[in-house]
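We name chains A, B, ... by the order of the sequence lines, and we start the count at 1 in each one.
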Amino acid sequence: MTGAIHTMSDYNFSAIEKKWQTFWLENKTFKTVEKEGAEKFYCLDMFPYPSGAGLHVGHPEGYTATDILCRYKRMKGFNVLHPMGWDAFGLPAEQYAVETGTHPAVTTEKNVNRFREQIRALGFSYDWDREVNTTDPKYYKWTQWIFEQLYKKGLAYVAEVPVNWCPALGTVLANEEVIDGRSERGNHPVIRRPMRQWMLKITEYAERLLSDLDTLDWPEGVKEMQRNWIGKSTGALVDFQCAGACAGDTIKVYTTRCDTLFGATYMVMSPEHPLVAKWLESGVIANADEVKAYQKKAASKSDLERTELNKEKTGVLLDGIKGVNPVNGEELPVFISDYVLATYGTGAIMAVPAHDERDFDFAKVFALPIVQVVAPADSDEAKNASPDPVPYTAGAAFTDIATGVMVSSGFLTGLSVDDARKKMIAWLEEKGVGKAKTQYKLRDWLFSRQRYWGEPFPVIHWEDGTQSLVPEEDLPLTLPELADYKPTGTGEPPLAKAVDWVNVTDANGRKGVRETNTMPQWAGSCWYYLRYIDPHNDKAFADPALLKKWLPVDLYVGGAEHAVLHLLYARFWHKVLFDLGLVPTSEPFQKLVNQGMILGMAYKTPRGVLVPMDKIEWRDGKPFGAEEGGEMEPLVEFPAKMSKSLKNVVNPDDVIRDYGADSLRLYEMFMGPLQVVKPWQTNGVRGVHNFLKRVNRLVTETKISERAMTKDEARTLNATIKKVGDDLEVLAFNTAISAMMVFVNEAEAEAKVSGDLPKEFLEKFVLCMAPFAPHLGEELWQFLGHGDSLAYEPWPLYDPSALVVDEIEIPVQVLGKLRGRVKVGVSATPAEMEAAAKANPDVAKFLEGKTIVKVIAVPKRMVNFVVK
RNA sequence: GCGCCCGUGGUGAAAUGGCAGACACGCUGGAUUUAGGUUCCAGUGCCGCGAGGUGUGAGGGUUCGAGUCCCUCCGGGCGCACCA
């Protein structure tokens, strides 16, 4: 190691940061230690997709937060696991390959190298020996292995399902790559088309994925989104026998409102319902042409069109088809309409227009009868419960289930909605025409992509129609080289072009073809946190003893955009591995925090026309700009997502060059609470940069003395240690930094008076600050005469006795208004406080001539006089 | 429409039911330097010369006391969106 760079007070951040980054790397300072008896802290960042654009200022936000925490925990004596890796499969590298012919692996490696370099330039304390890369065959070997376990457990299957087919790109897109019915890349139309796909039975875990959310220390919003996504509802399946031409068939419906069965006036089936196809085939539908036309129209609608058209209900009556209401034997007309989804429940509903808004809207369009069976508790209908159906005249459906009372509903009349549901289910079960049923919105996970740059499925389809897994000992099944990466145009994945790879023959001469789909990007990220625990193991994805030691992840920090998909998929895989006895916990991530997005500043004219940063003219520090062909005028500043078009993207490299990594880290933490959205302001970086300069000056320019701390110094120091430590425990980085700024303000004032500062005073402060600004921390520690890194130096303990003061100033209120301040002894009794307060002239003025009704004196807090 | 979150100075923000605006940016004035994104001092919610008044989106409530707790409304963000 070279000596301290400080010979003068200049804050040479570039040299300091380079020096310590090299030191940490060469000495493997942050190699995970597994000290016996020490508590573990597994702190995980969501690993990035290494895009060609490099790091943006959003990445370092969460990474800095976890880094500070990890450095703090190491100093507190914890065994810390803090790894980083790359989620490197994905579409952009493949698109680039299509355009240029460059192998995605080449692009990926280049991007990873750049990301690694940028991340290292921020001084994060990752254990680089544990770096993982989802595209590394040594890694995806185990992704494939886990898939095989899912397959063997019966959780993976092939099905013909509708997918997002983009004719222009000649490929299938994932849902997340389709925005409002068009491709995210290129903005081409996307249509639904059935194709053979791999599915994972996540639905089998729906209940556990839902109920275990209660055990997690996660943001309430994320848990709520997962609950909505899983979408549990409790209701009933009810059988409607068919009458007329289709007699003998049964239409099964799912309903959460079986209490309203007496109010059903028609039925609706989805256009794709198998019974409709059957009836068309057998010719029992009189208006078959009309029905077919509607089916065709519904099928050709894109998702966008479906949502746009959902205001006006459409549908077609199935002429000749009747369903019999099991509770009253009434024959109901049956419609098809695309407002009933084929994929939810049974794909058919009973319609109760009086008590369901969608049914109400449909009934209005088709002039169908509307019968009231639930009435407000205090209404006339509820009081004079008529046994006969009551036509419903209100302008909207009545859907209040909390207070509604059943009317005109036979044996349910007079009951609450809740009681009526229970009674109806009992009745349905007794008669054998229905039963209670819990339903989930969650669908099975569409797990295949028609892509090159993903994990190949280790599956072979044999000519005899059977299918088998690639034996475990033959994993990984690596990707073949391709001459070009263009889509085939038919929907057939690019891997189909690798003929030699695709065609296989077994020992007995049986021929087969490999699966040519690849896994989605989520696969690799479903379990990477497990691999970090034992990243070089070639016998297992990780050693069970180590898994037991490190799981669960204690803190997981990442963007809110992964609230549902990644986090739900990873929980699902984890639970499967748990059931197989391969991981020791039922949940992977104990505590989750979403960092808030960092926005850029954007500018618009008074009429709202956006003006890019490079078109702005600054006059006296005020922004001016012009609309197309317009006059220059003052602009309005507002925070907006950083974007290329606004030219307001902040590049971390620039910030590091101008102010240093420590300043960037400190600023990102000082902007505000980690979890909230914050606009980037470069002036703020200057603020914290100046703070670091002052710290540097304080330590290197003040005369350092061996004398004991004064009482004031001890109080200042210990208050800072306490506040910083307390704030770190609750991730309040911004207030911890402000506490350190207060320290420096006070220390500078102190130094000015005394001419020197005790060594201990400065040393302990440097230790406090080091997790936030680690490069300067190390440098100043060395300056203070220490030979080694401070990374494992014990976190300073604060001395509570140093915080004790003899006298405090408390506010005095009269009728709740502040009227004065008095100094009292810290242990003053309420009576003493009252006396002191009354003696204060500012207060006495407001008590004069008044009667004191009550005195509230809270020790160490305040005094309040209630007067008349 | 439904669910979740959030409204505090010119700006980013602090504040276990107890002195609103800590800390920082910006700004104003001054000092030292003036190559300066330097450093230092003072001031800075609003109204008022002042005593004082007033102030946390609006209105109501609980309380000796409310930014904080409860109710209604308004505004913003995010998510889901025909899920029967």
Could you go over nucleotides 25-36 of chain B and give all protein N or O partners under 3.5 Å, atom names and distances?
none

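Counting only N and O atoms by type, the side chains of A/Asn840 and A/Arg821 include no donor and acceptor under 3.5 Å apart.
As judged by a 4.0 angstrom heavy-atom cut-off over every strand, A/Lys752 is placed among residues touching the sugar-phosphate backbone only. Residue contacts for A/Arg227: at a heavy-atom cut-off of 4.0 Å it reaches no nucleic acid atom on any strand shown. A/Pro673 comes within 4.0 angstrom of the backbone, heavy atoms only, and of no base. Residue-level contact check: A/Asn734 touches the backbone only, with heavy atoms under 4.0 Å from sugar-phosphate atoms and none from bases.
Salt-bridge annotation for A/Glu668 and A/Lys678: absent, with no side-chain N of the basic residue lying under 4.0 Å from a carboxylate O of the acidic one.
With sequence neighbours excluded, the residues satisfying side-chain contact (heavy atoms from CB on, under 4.5 Å) with A/Asp662 are A/Tyr11, A/Glu17, A/Arg665, A/Leu692, A/Ala773, A/Pro774, A/His775, A/Leu776. Scored by the ring pair (Phe, Tyr, Trp, His ring centres under 6.0 Å) test, A/Phe362 finds A/Tyr266, A/Phe335, A/Tyr339, A/Phe366 as partners (sequence neighbours excluded).
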Legend entry - Base versus backbone protein contacts along nucleotides 45-66 of chain B [heavy-atom cut-off under 4.0 Å; B, S, -]: -------SSS---------BS-
Legend entry - Strand RNA chain B as a dot-bracket string - pairs counted if Watson-Crick or G-U with both distances under 3.5 Å, | where the partner lies in another strand: (((((((..(((.....[....)))((((((.......))))))(((....)))..(((((..]....))))))))))))....
Donor-acceptor pairs under 3.5 angstrom involving side-chain atoms of residues 256-264 of chain A: please list them, not counting sequence neighbours.
{"from": "A/Arg257", "atom 1": "NE", "to": "A/Asp259", "atom 2": "OD1", "distance (Å)": "3.2"}
{"from": "A/Arg257", "atom 1": "NE", "to": "A/Asp259", "atom 2": "OD2", "distance (Å)": "3.4"}
{"from": "A/Arg257", "atom 1": "NH2", "to": "A/Asp259", "atom 2": "OD2", "distance (Å)": "3.0"}
{"from": "A/Thr260", "atom 1": "OG1", "to": "A/Arg257", "atom 2": "O", "distance (Å)": "2.7"}

